[in-house]
Amino acid sequence: MTNNVTSVFLLGFPNLKIFTFPFFSLLVLLYCGTISGNLLIMVLYLVSKTLQSPMYFFITQLSLCDLLLTTDIVPVLLHTVLYGGSSITLIGCIIQFTIFATSECSECLLLSVMSYDRYVAICNPLRYHSIMSHALCMKLVCTIWLIVFLVILTHTLTIYNLDFCGPYIIDHVYCDFEPILQLSCSDTSRIHTQGFMLGSLFLVIPFIVIVTSYVYIVITILKIPSNTRRHKAFSTCSSHLIVVSVFFGTLIIVYMFPTGGESLTLGKVLSLMYTVLTPLLNPIIYTMRNKDFKEAYIKIHIESMFLYT
């Protein structure tokens with residue numbers, strides 16, 4: 001590997017001018033909200049006995065992905081916005097991409113597993129607890145993290161072994177796949193092929209699983225004679241459906257959008273959707289629309305008040 005590039009410069013949003021401080025302040029608020037919301041979900045799951053179910057276990061893993069993504073992207077982004085750019089070592093840039101890819105791919109697989117969980121709960125409720133046992137859930141989650149880590153690590157090592165000779169400027173808000181490859185003077189056709197295969201594995205296949213699961217879920221719900229039971233059944237998977245729509249929708253728009261000119265700025269803004277906004281929306285959607293989370297929070301809040309009085 002030949003490296004004429006030892007550090008790179010992230011441009012971010014270089015022309016904010018008078019909007020720099022308001023945008024920085026907004027990002028700080030979103031960052032604090034994301035960290036607090038996802039930590040709250042994880043703490044509630046650990047201390048509340050009423051949340052010990054497969055669905056809430058998967059939600060905590062989703063929160064872990066969001067925390068990993070947020071702490072990887074936002075601190076560097078804050079520095080980039082405040083100072084009109086940010087210098088980062090090439091290794092640091094590749095590490096940032098590795099963590100980003102790991103969290104995003106893990107979230108794709110987790111969302112597909114969660115859709116299967118909702119499928120079993122609605123289409124086969126009598127066998128739900130026997131099928132979605134704690135042992136199976138643990139195996140699924142461990143398998144997801146292990147597979148994603150090994151695949152992304154292998155892919156990252158291939159990128160690291162490229163020859164990098166410039167330019168050293170990345171016109172993006174973080175170190176993404178394509179901007180890193182643009183720094184290389186090696187033949188990147190093989191890496192692009194690998195990237196396409198990984199996209200199929202971690203984006204297309206989970207999306208097909210999710211769509212298939214919800215087709216069967218909708219068919220089953222429509223067969224329920226009672227409107228009350230039908231509404232109740234749909235409400236159990238509505239939060240997950242909203243999260244899936246936001247997450248996959250922004251990913252598809254960003255990575256199918258042309259890069260260049262005015263669309264480059266739009267691509268940066270859309271990138272903030274799934275790196276900054278989606279990790280904030282996930283805990284809001286799952287807690288505000290979920291009675292169990294609300295009751296667990298109120299119960300723990302009351303218990304803590306009695307404890308300190």
Side-chain angles (χ1 to χ4, degrees), residues 34 36-68 103 106-146 148 206 209-221 224 226 228-247 278-304:
T34 300
S36 302
N38 285 289
L39 282 177
L40 176 63
I41 284 180
M42 297 177 75
V43 170
L44 286 177
Y45 174 78
L46 291 173
V47 301
S48 177
K49 294 180 180 179
T50 59
L51 299 179
Q52 302 302 311
S53 71
M55 180 176 68
Y56 299 126
F57 174 65
F58 292 133
I59 290 175
T60 60
Q61 296 302 306
L62 205 63
S63 291
L64 182 60
C65 286
D66 289 336
L67 285 172
L68 191 64
S103 61
S106 298
E107 188 156 347
C108 286
L109 295 181
L110 280 169
L111 288 172
S112 65
V113 170
M114 290 172 72
S115 69
Y116 176 73
D117 172 76
R118 293 299 83 205
Y119 160 77
V120 177
I122 293 174
C123 299
N124 203 352
L126 297 179
R127 296 188 58 200
Y128 176 72
H129 292 289
S130 61
I131 294 174
M132 300 302 297
S133 63
H134 182 69
L136 176 63
C137 293
M138 287 295 295
K139 289 177 182 177
L140 287 172
V141 167
C142 291
T143 301
I144 286 173
W145 283 108
L146 183 61
V148 170
V209 171
I210 291 169
V211 170
T212 303
S213 298
Y214 273 101
V215 167
Y216 282 102
I217 287 171
V218 170
I219 292 173
T220 302
I221 290 176
I224 299 175
S226 170
T228 304
R229 289 177 57 199
R230 192 184 303 149
H231 176 75
K232 184 178 179 181
F234 182 76
S235 65
T236 61
C237 58
S238 59
S239 296
H240 176 258
L241 192 57
I242 293 171
V243 170
V244 166
S245 301
V246 173
F247 180 76
T278 301
L280 173 68
L281 290 177
N282 286 352
I284 293 175
I285 292 170
Y286 279 119
T287 54
M288 295 296 289
R289 296 176 58 86
N290 192 286
K291 184 180 69 174
D292 293 335
F293 269 119
K294 291 179 183 177
E295 291 177 352
Y297 175 76
I298 293 171
K299 183 180 179 181
I300 292 171
H301 183 65
I302 294 173
E303 289 176 352
S304 63

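Remember, predicted model here, so these are calculated numbers, not experimental data.
Counting only distance, with no hydrogens or angles, the side chain of N38 and the backbone of P279 share a donor-acceptor pair below 3.5 Å. Distance alone, capped at 3.5 Å, places no donor-acceptor pair between the N124 side chain and the V120 backbone.
A donor-acceptor contact under 3.5 angstrom links the side chains of Y128 and D117, judged on distance only.
Counting all heavy atoms, side chain and backbone alike, S103 lies closest to L68 at CB-CD2, 4.0 Å. Contact record, L110 with L62: CD1-N, 4.0 Å, taken as the closest heavy-atom pair. Closest heavy-atom contact between F247 and C108: CE2-SG, 3.5 Å. The shortest heavy-atom contact between L241 and Y214 is N-OH, 3.7 Å. Taking all atoms of both residues into account, the shortest heavy-atom contact from I122 to I217 is CD1-CG2, 3.8 Å. When all heavy atoms are compared, the tightest approach of V148 to S106 is CG1-OG, 3.5 Å.
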Going through the checks in order, is the side chain to side chain contact (heavy atoms under 4.5 Å, CB included) test met by M114 and V243?
CA-CA 11 Å; M114 290 172 72; V243 170; over 6 Å; no
Could you check E107 against D66 for side chain to side chain contact (heavy atoms under 4.5 Å, CB included), going step by step and ending with a plain yes or no?
CA-CA 8 Å; E107 188 156 347; D66 289 336; 3.1 Å; yes
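From C123, atom SG reaches atom OH of Y116 across 10.5 Å, with rounding to the nearest 0.5 Å. If you take CE on M132 and CZ on F58, they are separated by 4.0 Å, rounding to the nearest 0.5 Å. Atom-to-atom distance recorded for Y119:OH and I131:CD1 is 8.5 Å, nearest 0.5 angstrom. If you take CG on N282 and OG on S239, they are separated by 10.5 Å, rounding to the nearest 0.5 Å.
Residues Q61 and V113 fail the side-chain proximity criterion, which asks for heavy atoms closer than 4.5 Å.
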